[in-house]
Structures are given as C-alpha cells and as structure tokens.
Amino acid sequence: MYGYYDFSEQEEHDGGDSLCATDAIGILRHYWGYDAFRPMQGEIVQSVLSGRDTVGLLPTGGGKSITFQVPAMLLDGLTIVVTPLISLMKDQVDNLRRHGIRAAYLHSGMTRAESDYALERCRQGRVKLLYVAPERLATERFLSQIIAWKPALFVIDEAHCISQWGYDFRPSYLRLSQLREKFPDIPLLALTASATPRVVDDIVTRLGMRNEARFALSFTRDNISFLVRHTEDKLGKLLEILRATEGSTIIYTRSRKKTVDVTSMLAREGVDALYYHAGLETHEKSQRQDDWQSGKVRVMVATTAFGMGIDKPDVRLVVHYDPPSTLEEYYQEAGRAGRDGKESLAVMLVAARDKATLARRLSQAFPDKDFIRHTYDEICRYLSLPMGEGFGAIFDFNPDAMCVKYRMPPRLVMSAIGLLERSGYLEFVEEMDIETQIMIRLKREQLYELDLEPTEETVLNFILRTYPGLFADLIFVNEPYIARECGITPLAVHEIFKRWRREHIISYIPRRGTAQLLFTANRVPADKLTFSKEVYEDRRAAMERQLAAMTAFAYDDSRCRVAGMLRYFGEENAADCGKCDVCHARRHTEKPFDTEAFKKQLDTFFDMIAPCRWLDTRSLKPHYPHRFDLVASCLQQMIDDGLLIADGHKIAKC
C-alpha cells in the first residue's frame, strides 16, 4: 500500500494553506500549477504508482521529470534518481526546491562535508527525491544505507547510457543491475528521450525488469520543420536564415574555436549573439545563459555543452552549423526548438566536405589501442600517480593542459579517455559547475543584533526576501544575480559571504567549476590494459551504423528526412512529413497525378502477372514511393466504379 507525504514537514508551507493530496492531478496542480498531464505522462505516472517496472520513451521536451517527481510526492518513502549529468542534477534540485519540494543530490565532485550533510538529511527523512551519480551505487556501503531509508522508487534517467548500443554508453551504468538484485520489490522507472527499439530491449535486459510496461511517445514533432541546406558558404547561408526568421535561436558547432569565430562574424554583420562552451569560466557561462534565456540576446552559438537542463519554450530556430555524429544527438538538440508547440525551424548546414568529415569521426572516436595505452600512461604521469595505486582517487584534471604539455592530439585523447572509462579504469567528469550554497546558522532574532555595514545589510535583506528556507537548509543562490540586484560586484558578494562564514553567521560553499578524473582501479602497466570486444569492436560497428544513418539524413535528398529519421527510431510506418525541404521541393517539382496514365500502367502490371488473376497492391509501392496515397485513392475509385474487385491487399479486374 502506498501512503502519502506529510506536506506539513516542509518549512515552505508552515502556516500556509493545508493540502490534502489524494491523487496525482492534485500534486501536479499544487506544485506545478497544471490541471492535466501532457501526452503519455499520466500513463507513466499511473504505471509507477501501481508498482510496475516501467520504461518511458519521451522525446526532448516531452516532460520526463514530471513522470517521477509527481509519484515521488505520493509514494511513502524516498525516490532515488540516477543521472550522469551533474549540471542537470543541480538544475532539477534547484527547481524542486523553488517549488517547495525537499530534494538533494550526491556525486563524486562534492566535498566530504557536503556528502555527509546530504546523507544525514536522507537518514532523517527530510528528502523526498535524491539525485545520485551512477558510480555512487557501486559501493556496498551506500547500498546498505539505502535499505534503511526505505526507498519507494528507483528512476534511471538517460537510461540509454546502460546500453552498449546507445549513443552515450557509460560503464558506470552497468552497475545499476545491482538494484534489481538488492531491491527485488522496488519498482524501476527507466527514462530516455531518444532510443532505438534495440536500445530499449537492451535497457530492459540489463536492468532485470520484470513484466515491464512500455510507453513511447511518437518522435514526430509536427511543429518543427526539419531542413537541410547544402552550401559551401555556411556563414553566408547562416546570415540569410537569421535575417529571414525571428525569435530565440541556438546555433550548434562542433568546436569551441568555431563558436568564437561564428559569433565574431555575426557581430560584424550586426547580429546580437553570444558564444558558449565548456571552457568558459563558471560565472561567464551563467551570465551568458541568463542573458539568452531572458531574451536580452537573441542568438547563442554553442557546443553541445549548452542545452542540457535548458528549458526555454520559445526557441524558434535551431541551426546545426556542422552535422552531429548520430541522429540521437541531432534529434535531442534540434528538439530544443518549439517546446511551446508553436511553429519552429531546425536547419542543418551541410557542405560537400562534411561527408568526409563524418567518415573520419569513426577513426577519431576509436583510436588505435596502442594510442589508448599511451594516453593512459601519460595521464598517470601527468597526475604523478604511482604504479599500483590510485583506486578511488579523484584529481582535478585539465585534459587540454596535458595535451599541450605532452604534445598530444586533444580529440584522440578525449576518445581514448572515453574508451578507458568504458573499460572500467577511470571516470572523467567534464561538467563540474556547482552553484553557490548558503545556510543561515543564526536564529532570525539574532540577525537583528549584528553590526553590519550598509552594503551587507542590503545583501542580507535581499537574500532573505529572495531565497526561502535559508534557516533550515543549504540553499543554492546566484551570486552574480545578487550582485546585480544589490548594485555591487560579484567579488564583493563573495567577500561578504566569506566574512560571514568566518563569523559563523552562515555556512557557505562557494561556486566552483572544474573537470575531475576518478580512478576506478589502481594503476597498472599500460601493456596490461585490456579492451573487450563489446567495448571496442562492437561499439565501433554500432557507431559505423549511426554515422551511416546521419549521412543518409544529411545527403539523401530523395526521401522525406523526417520519415527516414522516424523509421530509424522504430516507427516503421512513418508517413512523409510534408514540411521538410525534400517534401517541399517535391510538391513544387512533381507533375499532377495522371489518372489515365496510371490506369494504362495498371493494365501493364496485370499483363506481367498473367495468367494469375490477382495483383497484390503492395507490389505497386516501389513504383510510386512518394505518391502511393494517390495510387490508393485511384484504386478505390476504380473499385467503387465497378472496374476492379478487391480481396484484402489483392485486386482483380471485373
């Protein structure tokens, strides 16, 4: 029997209106302000609440988080959410706290004090949703702690990461098979935004799901027009597109340098744009994201570091300056357009040379095994890691600096690190962008006794008005935002918070951003490293297929782009979209359907099968691949007119 959460525990509602939440819609309305679920959300929620293992395939913008956050508030116990994206953990926890929901996270980039504090909150039952990185579930100590917390649900977000056939396979996800062994009666919810049928089957097998319910929303995005533009002058075509459209825009490139180059070119042409990549300082990324989301800047030129956790509904245009390696990546990124349901564009710019570039990505992603071993040795040398040591050690790690020092090719080094990670030797955490957290340690009446400078009083009053719950918990705060609203610099806010920490007025964990490397095994001689067929050869073959599908999408101008993409994702009966550049061109070049010519051709087909009387209409489809709907209408009219008789798929002359 599932119980209900006692909302009176939450400080945010103390003294407020009481809530008797008896159903999922009540929770949805109270916390998120919606009166109804979006397509497929309600079915997933009900499946989870019934205690059944569930797989949810909801495309980008489909509202995956609601499908577990709503049940979490109804189930009696803790919901544990596994996700590999630290930035997404932070965004979701921050968002939940703004809605008055107690949430926390745990990952390898946290300090010991931060982790202990989060664990203590879980022990005290003060957390409803706990976000954890997959490597956390590898330890027996943590798994034994979970048992005492009475978990009610395990959620595996980005579940394609557990599949060797997924485009973003991560070995740390393989350990999640322990969840079924350790907690056989706790339901599992696996969520992903883009997965082929083969990947979904692999997810179910690897998680040990039983009698699972599967829910899949069609990948069709009717409000997005998918266009490919072939051009050798990408900058010129980009300007042409921007001048012909309006609204918020994302332009994706494949390199940090290109984000800067494209932004500079746009600035020279009078286009208001910013660039964004993982190499920016933390405060720069935050400020640029805020300026774009608020509409101060129309265009964001970015690498794929920009996007996860971004929920801006009114993006009207997404441009891919370079083709991605997989349709999964492309669909995720292009799908950030038009989340409000209004008409939007997804445009890919393709030059002739890009086909060769796509082909080279295979060798770049799977460098020679000797190079991988060499990279491992150089990493250990760079970090001064002795032979036979390192298990569990975490290092701040800048791969670009190592590549410069040892004159190594950065792209191949990053691919080698990925293969070392999949083989279980180490884990690389690229995005370590953690917001400032503070908690007031004094009682409210003690604050009035403090001797503060005028600027400090301004900051204190502002954070008290802006961030509820500061007396009860560590709360994420935005230092640049506080500085802007209080008329001072971010450095001044930082200095004030440091002083208050020294005087024990607040607990203060400053914002930080750094990449880290975690060794999951002791250092071994490089010649002892092994790479399994599943990790290397099988994954290489899978990527080869993915690149072929991406190449066909970009260069095959004979078929509807959307129908081809949907068939890749398992929607075999996908119809032509009528909106992509191929469909649009076909409408303007095809001659009207000639009924009389078709009837004469039909006589020829009957002659070809003589003396057999019956003709299978499905055999006509290859002859009219893009106009079979018109063929079917003509045949039906001939049947109605008594010229033909039908028996299922077969027709014959009367």
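Computed from a predicted model, the values in this text were never measured in an experiment.
Salt-bridge check for Asp576 with Arg559: failed, with every basic side-chain N at 4.0 Å or more from each acidic carboxylate O. The pair Lys234-Asp354 meets the salt-bridge criterion, since a charged nitrogen lies less than 4.0 angstrom from a carboxylate oxygen. Taking a cutoff of 4.0 Å between a charged side-chain nitrogen and a carboxylate oxygen, Arg198 and Asp201 do not qualify as a salt bridge. A salt bridge links Glu158 to Lys64: one of the charged nitrogens lies within less than 4.0 Å of a carboxylate oxygen. Salt-bridge check for Glu534 with Arg206: passed, with a basic side-chain N closer than 4.0 Å to an acidic carboxylate O. Salt bridge absent: Lys579 and Asp222 never bring a charged side-chain N and a carboxylate O closer than 4.0 Å. A salt bridge links Asp538 to Lys533: at least one charged side-chain nitrogen sits closer than 4.0 Å to a carboxylate oxygen.
Shown here for Arg136 and Ser115, the closest heavy-atom pair between the two residues is NH2-OG, 3.7 Å. In plain terms, the two heavy atoms of Ala118 and Ala104 that are nearest each other are CB-CB, 4.5 Å. Minimum heavy-atom separation, Ala352 to Tyr555: O-OH, 3.9 Å.
Partners of Ser248 according to the side-chain hydrogen bond (donor to acceptor under 3.5 Å, both in side chains) rule, which considers only residues two or more places apart in sequence or in another chain, are Trp292. Residues passing the salt bridge (Lys or Arg N to Asp or Glu O under 4.0 Å) test with Lys342, sequence neighbours excluded: none. Not a single ring pair (Phe, Tyr, Trp, His ring centres under 6.0 Å) links Phe68 to another residue, sequence neighbours left out. The ring pair (Phe, Tyr, Trp, His ring centres under 6.0 Å) check on Phe37 picks up nothing, with sequence neighbours excluded. Residues meeting the ring pair (Phe, Tyr, Trp, His ring centres under 6.0 Å) test with Phe519, sequence neighbours left out: Phe395. For the salt bridge (Lys or Arg N to Asp or Glu O under 4.0 Å) test, residues two or more places apart in sequence or in another chain that qualify with Arg353 are Glu232. Shown here are the salt bridge (Lys or Arg N to Asp or Glu O under 4.0 Å) partners of Glu537, two or more places apart in sequence or in another chain: Lys369. Taking the side-chain hydrogen bond (donor to acceptor under 3.5 Å, both in side chains) definition, one finds that Thr375 meets it with nothing, sequence neighbours left out. In this structure, the side-chain hydrogen bond (donor to acceptor under 3.5 Å, both in side chains) partners of Asp314, at least two apart in sequence or on a different chain, are Lys312. For Phe553, the ring pair (Phe, Tyr, Trp, His ring centres under 6.0 Å) partners are Tyr330, not counting sequence neighbours. Not a single salt bridge (Lys or Arg N to Asp or Glu O under 4.0 Å) links Glu421 to another residue, sequence neighbours left out.
Between Tyr252 and His320, the distance from one ring center to the other falls under 6.0 angstrom.
Applying the ring pair (Phe, Tyr, Trp, His ring centres under 6.0 Å) test to residues at least two apart or on different chains, the pairs with a partner in residues 174-218 are Phe154-Phe183.
Applying the 6.0 Å contact sphere to CZ of Phe142 captures more than 12 heavy atoms from other residues, nucleotides or ligands.
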Is there a side chain to side chain contact (heavy atoms under 4.5 Å, CB included) between Leu327 and Phe219? Walk through the geometry before answering.
CA-CA 12 Å; Leu327 282 174; Phe219 282 81; over 6 Å; no
Show the numbers, then the answer: is there a side chain to side chain contact (heavy atoms under 4.5 Å, CB included) between Gln546 and Ser325?
CA-CA 7 Å; Gln546 290 169 329; Ser325 295; over 6 Å; no
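Between the side chains of Thr259 and Arg256, no donor-acceptor pair is found at a separation under 3.5 Å. A side-chain donor from one of Ser344 and Arg316 sits under 3.5 Å from a side-chain acceptor of the other. A donor and an acceptor atom, one from each side chain of Gln69 and Gln92, are located under 3.5 Å apart. Using modelled atom types, one finds a donor on one side chain and an acceptor on the other under 3.5 Å when comparing Glu571 with Ser218. For the residue pair Tyr568 / Arg545, no side-chain donor-acceptor distance below 3.5 Å is found, with atom types taken as modelled. If you check the side chains of His160 and Asp202, you find no donor sitting under 3.5 Å from an acceptor.
Tested against Thr79, the residues Leu74, Val48, Leu189, Leu153 include a single side chain to side chain contact (heavy atoms under 4.5 Å, CB included) partner, Leu153.
Relative ring orientation between Tyr275 and His277 is described as parallel, the plane-to-plane angle staying below 30° on a 0-90° scale split at 30° and 60°.
Using a 4.5 Å heavy-atom cutoff, the side chains of Ile250 and Val319 are not in contact. Leu517 is listed as a side-chain neighbour of Ile379, based on a closest heavy-atom distance under 4.5 Å. Two residues are said to be in side-chain contact when any heavy atoms from C-beta on lie closer than 4.5 Å; Ile372 and Phe531 meet this criterion.
Remark: Arg561 is not positioned above the aromatic ring of Phe226, lacking an NZ or CZ atom under 6.0 angstrom from the ring centre and at most 45 degrees off the axis.
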